[in-house]
Each structure stands twice: as structure tokens, then as C-alpha cells.
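Side chains included, hydrogens not; waters and symmetry mates left out as well; all remaining heavy atoms used. Quick note: residue numbers are just sequence positions, from 1. On a predicted model such as this, the values are computed, not experimentally measured, just so you know. Just follow the structure's listing: the first ligand is 1, and inside any ligand the first atom is 1.
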Amino acid sequence: MQITTKIVQAGLVTDKTTGAISTPIYQTATFRHPALGESTGYDYSRTKNPTRQAVEIAIATLEEGDAGYAFASGMAAITAIAMLYGSGAHLIITEDCYGGTYRVFEKIFKQFGLQVSYVNTADVQAVRSAITGDTRAIFLETPTNPLMKIADIQALVALAKEHQLQTIVDNTFLTPYLQKPLSLGADIVIHSGSKYLAGHNDVICGLIVAKGAELCSKLAFIQNSTGMILGPQDSWLLLRGIKTLAVRLDRQQENTLIIAQWLEKQKWVNKVYYPGLESSPQKELQNRQASGYGAMLSFEVCDAKLVPQILQRLKLIQFAESLGGVESLITFPFVQTHADIPLEIRLKLGVNEQLLRFSVGIESVTDLIEDLQQAVVHEIS
Ligand SMILES: *Cc1c(COP(=O)(O)O)cnc(C)c1O
């Protein structure tokens, strides 16, 4: 079955008693036992809830993993990942990772004795050099946020296996529609479902999919023990969002390529970061491991003074954090999503005062380009 079909089938007729097409929202904390020593399979909603289970099965199917787990946010999912590793363990994480990922490891998990190195995961040699006797896992984002660097998943998986490390991929930007890290050998995939999977900027949620019985039972144990679960209402919103993932992303990608090509031609733009551009040195690698380039792009304007002007003058494209929804959003990573990363590191990475990150929506691409055009009124000297 094609993935486009599997996506639409997410959570379809899960309630066999009524045949409801849409999975019902089981807004219940607990479940009645038929008799002593018997259970319907559901005891208490922290442990298992039918609406949450429907979305967990859907994501496990789409990512081609053994089991899925739904969390209250992407950060809760990442927190559950950190809990797989004990004090003294060392993790290698993509250096230009999501700002919240950097913050939770630096400000919280370091206190509990986790050691972390931030490495350019687009450079396999750099990752190899960062491995120590304590390293337990490589946690990567590809494409990265906001600079769209591509990591070679298969090469990193091979390196990880050589050293008995786990490979964890944050697949938020591409989703299983475009990239399936578990099929490329990774052990765990995580998502901020708040982005493309839910797709409508209306819910915060996170997901994990894993392979292997031992890893899955550890994750189920962590999810139930810490209780960072996704509630039934939000599980339903996520399920409903997933159904249109393929058509949304098709349109978003189409728009993104046109906008990226247009931006490349503008005098006020220094640089465009999008792996789908012919000029991108990473296009070939991306073609090998994914079936698309996603709908996130970043661009550097020629003068930092243009940034406040553009953000103020845009009418259609909303100046807001987050990404992946049907509405176009633009952010200024330097002071927003990546503000927790120390200044010198931000500048070294290229997250500077001229960089804007654009999450392209499903609007008419003509309107989006017109909006960008009218926002830039400076005189080029
Ligand atoms: C948003 C995001 C997260 C965090 O997810 P929340 O749902 O906001 O908690 C993690 N990774 C990436 C790549 C993200 O974009």
C-alpha cells in the first residue's frame, strides 16, 4: 500500500462496536473491569487510552516501526528519550538542533549527569571523533533547524552500529511522508507532532516510534511512569491532522521551491538555505535518503536593518514561532527559537541577525511572493 493511502487511513474505524468512521474521543480516565482478574484491555488512561492508541498505531505504521508513543509535546517526547540513558552516559547531538532540545539537555539533563556533545552531524568524521567510551547514542536532526543541513542517516547508522550506539532521528521537518529513518536503520524516531503531522497550528503534541521489543518496552514504561501522555482530545486532533498530511506537504513543497528560487534572484538576499535548490550542495544526498525536501527554508538578507522592516510589513505571512501548519509563518531564529544557544555558537552556526526562517504554507504562491516583495522597500545603495 502506498504511503499516501496509509496516511488517510490513520485512525479509521477503530471502534468496532459502532463502526464510527472517525475514532471516537474516549474522554475517560478509567475503565470498568468486567470481573475480578479481567480487563477490557484498558485499565487507566495514563497507561492506555483508545484514542491515544489509535494515533500511536497510526504513527508506528507510517514510520514502519514496532510501536508508537504519544506525548504531551515534542519536548516531552525528547525528555522520554533522555530518560533512556543513565547518569554518566554521553550523547552526541546535532549542533544546530532545535533550541528547545539544546535547552532541555543543557539546563536540565546535565544536572542529572548526562553528558552531551553538540556536533555537526552533516560531517560523519566529526561525529566519529566525538565518540567516547561513554557514548550511548547519536541524536540527529536532518534537515537541521534553521540551516537545513543534511546528515547522512545511513552513514551515521553504520558508525553507530560499529560502536553499539543507538541512532535517534528527529523527523519533525520531513515526516514519514518524505523520510523514514527507521527504514534507513535508525532505532528511534521522534516528532514534534505540533508541526507538520497535526498541521494546523492548533495542537501541541509529540511522538516516538521505536524498533525492537526491548527499546519499545522501555519507552512504554517511561511513558506510563512519568505520565507525559497526550490527552484524548489532542490525540484526536493529531489523528485528524495526519489524514491530510500528503496533500498539504505536496502543496507546501511546491510553494517552497518556487519561493526559494525567487529569493535566490533578489538583490537583498545573500543566501538561501533549501536542500531542493539546484545550488544546494546537499541535494544529491537528500535525494538518496528522502523523497522530498520539505517546506522549510531559511534566507539571509543583505542587511540586518531589513529584518524588523520585513517582519513589520508582512501582511499575509505571519510573524510567529513554530512551523509546519497550513498557514505561512516567518521567524527570526536569532532572538526567538534559538535564543537559548550562546551568542558565539549562534554566530558560528550562521544563526545571525540577518537570518529569517520561513515555514511555507498552502496559500497561493503568487500571494506569498507578492507579500515578501511589498515588505522590502529599502534603497539598495
Ligand atoms: C518544535 C520542535 C520540537 C519541540 O516540539 P514541541 O511540540 O514544541 O514541544 C522538537 N524538534 C523540532 C525539530 C521542532 O521543530
- List the steps and the verdict of side chain to side chain contact (heavy atoms under 4.5 Å, CB included) for L140 and I92. CA-CA 8 Å; L140 58 117; I92 294 171; over 6 Å; no

- Item | Aromatic plane relationship, Y274 with Y293 - under 30° parallel, 30 to 60° tilted, over 60° perpendicular | perpendicular

Please tabulate, line by line, the atom pairs linking an N/O of ligand 1 to a protein N/O at a distance below 3.5 Å, with the distance in Å to 0.1, or answer 'none'.
residue  : atom   : partner : partner atom : Å
ligand 1 : 5 (O)  : S192    : OG           : 3.0
ligand 1 : 7 (O)  : G74     : N            : 2.9
ligand 1 : 7 (O)  : S192    : OG           : 2.8
ligand 1 : 7 (O)  : S194    : OG           : 2.7
ligand 1 : 9 (O)  : G74     : N            : 3.0
ligand 1 : 9 (O)  : M75     : N            : 2.9
ligand 1 : 11 (N) : D170    : OD2          : 2.7
ligand 1 : 15 (O) : K195    : NZ           : 2.7

- List the atom of V124, the atom of L159, and the distance in Å for their closest heavy-atom pair. O-CD2, 4.0 Å

- Task: Fit a plane to each ring of Y102 and Y118, take the angle between them on a 0 to 90° scale, and name the class: parallel (under 30°), tilted (30 to 60°) or perpendicular (over 60°).
- Result: tilted

- Query: Taking 4.0 angstrom as the limit, do K211 and E64 come out as a salt bridge?
  - Reply: no

- Does R52 have any salt bridge (charged side-chain N to carboxylate O under 4.0 Å, His left out) partners at least two apart in sequence or in another chain, and if so, which? E56

